[in-house]
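Numbers here simply count residues along the sequence, with the first being 1.
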Amino acid sequence: MTGVGTTRMAGESPHVTDTGTRVIPAPAVPWTPREFEAAARARLAPEHYDYFAGGAGDEVTVRANEAAFGRLSLVPRVLRGAGRPRTDVTLPGGRAAMPVLVAPTAFHRLADPEGERATARAAAAAGTVMIVSMASTVAVGEVAAAAPEATLWFQLYVQPDMAFTETLVRRAEAAGCRALVVTVDSPARGLRDRERRHGFWDLPEGMACENLRDGGRVRPIVMSPEISWEHIDLLREMTTLPIILKGVAHPADARLALGHGVSGLLVSNHGGRQLDTVPAAVDLLPEIVAAVGGAVPVLMDGGVRRGTDVLKAMALGAGAVAVGRPVIWGLAADGERGVTRVLDLLRSEVEQALTLCGCASVHDLDPGMVRRSCR
């Protein structure tokens, strides 16, 4: 892959690139998630935009994640004298100034030359957690060095080679990561038609999954159907870092997880990128919350686009949410500044929605403040 997109500034007139691709004009000043996405799409090479935006199969789950929030309504309380709301939360890996974390997403250098460094600096400025992807295009140690104030967690696919898995864990520990987010919904890679159509099988020359360097080579990520609860037990023996399982969708698995020393669950359908037709993450959330009964925090990702979405998820029991694609759109639109603007937008929307709901903090939210419609 050699395409690196365009560097046209948002708001310029549409033109045809030297590869013949027509660039759609983006909003001059993106303010909403949709506008950030439009600006990102205008700048990214088509195969890279589709890599970030696309999902498995017919992308039923991709659409469902956002649509599910539209079927939920907030029912505010009034005259509670709550004052200016607090947005901070306590999580297994420490505190965050807001309940919106940066979800693990691969290949940030496809969106901006600074890649994960820029994302980490923006997360640090927002006082929130960045979950660094195992498939990041900047090594986790370099991400930490570029943003010393950032709170980092490390996303891990357990590898069948447990010795190399331990190498990855030690790299995360050495970088100062405060938790491991272990993705468990990927015994095989999802079939994504957009990527197949473009023939997008590898990174452009000069980019690699830097965390996977092993001597003189970069290892592939192995997604193995043999990974089991036994591997989680081995991982638990390997490190004292909190372990959060990402991709738990069934309440039976949530209950099983409690017996394997995990510190939290992250309800996720991988942004619709693995098994298509899995329910929306926010629809899965209440059953997972009920299954663990408060024994460990439950987080979620998938479809969160506005501050009101954050409140709906937290009212249904989420301890925090993570956002992936909106961060990528900000990064592609305007680098570090774009990510900062996306995170600032979400925080301001959370504060305003809490105020309008009569809540002094996110901890005042409860299931009675959410109604579900049939539309």
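Cation-pi geometry between R305 and F69 is not satisfied (NZ or CZ under 6.0 Å from the ring centre, within 45° of the ring normal). Note that R325 lies outside the cation-pi zone of F36, set by a 6.0 Å cut-off to the ring centre and a 45° limit from the axis. Note that R41 lies outside the cation-pi zone of W329, set by a 6.0 Å cut-off to the ring centre and a 45° limit from the axis.
With E287 contributing its side chain and A249 its backbone, the two residues share no donor-acceptor pair below 3.5 Å. A donor-acceptor pair under 3.5 Å is absent between the side-chain atoms of D334 and the main chain of R337, judged by distance alone. Panel note: side chain R347, backbone V100; no donor-acceptor pair is recorded below 3.5 Å. In this structure, T61 contributes its side chain and T277 its backbone to a donor-acceptor pair below 3.5 Å. Proximity of a side-chain donor or acceptor of T165 to a complementary backbone N or O of Q159 within less than 3.5 Å is detected. At least one donor-acceptor pair closer than 3.5 Å links the side chain of T167 to the backbone N or O of A163. With hydrogens and angles ignored, the 3.5 Å screen pairs no side-chain donor or acceptor of R273 with any backbone N or O of G190. No side-chain donor-acceptor contact under 3.5 Å links D233 to the backbone of S228. Distance alone, capped at 3.5 Å, is enough to place a donor-acceptor pair between the N211 side chain and the V140 backbone.
Among the candidates R117, R109, E116, H108, the single residue satisfying the side-chain hydrogen bond (donor to acceptor under 3.5 Å, both in side chains) test with T137 is E116. Test Y51, F52, Y49 against F200 for ring-ring contact (aromatic ring centres under 6.0 Å, His included) and you get one pass: Y51. Here the options are L91, L265, L266, the test is side-chain contact (heavy atoms from CB on, under 4.5 Å), and the partner is I244; only L266 passes. K246 pairs with exactly one of D301, V182, L180, V184 by the side-chain contact (heavy atoms from CB on, under 4.5 Å) rule, that one being D301.
Heavy atoms from other residues, nucleotides or ligands lying under 6.0 Å from CZ of R86 number 12 at most.
Nearest heavy-atom pair, R171 versus R213, reported as atom, atom and distance to 0.1 Å: NH2-O, 2.7 Å. Closest non-hydrogen pair, S268 versus D185, comes out as O-OD2, 4.2 Å. Between V102 and A123, the shortest heavy-atom contact is CG2-CB, 4.2 Å.
Between R80 and D364 no salt bridge is recorded (no basic side-chain N to carboxylate O distance below 4.0 Å).
Connection of V278 to V267 is established within a shared hydrophobic cluster, with ILVMFWY side chains joined at heavy-atom distances below 4.5 Å, either directly or through further cluster members. Both L284 and V323 are members of a single hydrophobic cluster when ILVMFWY side chains are connected at heavy-atom separations under 4.5 Å.
Under the 3.5 Å distance criterion, with hydrogens and angles disregarded, no donor-acceptor pair is assigned to the side chains of T87 and E351.
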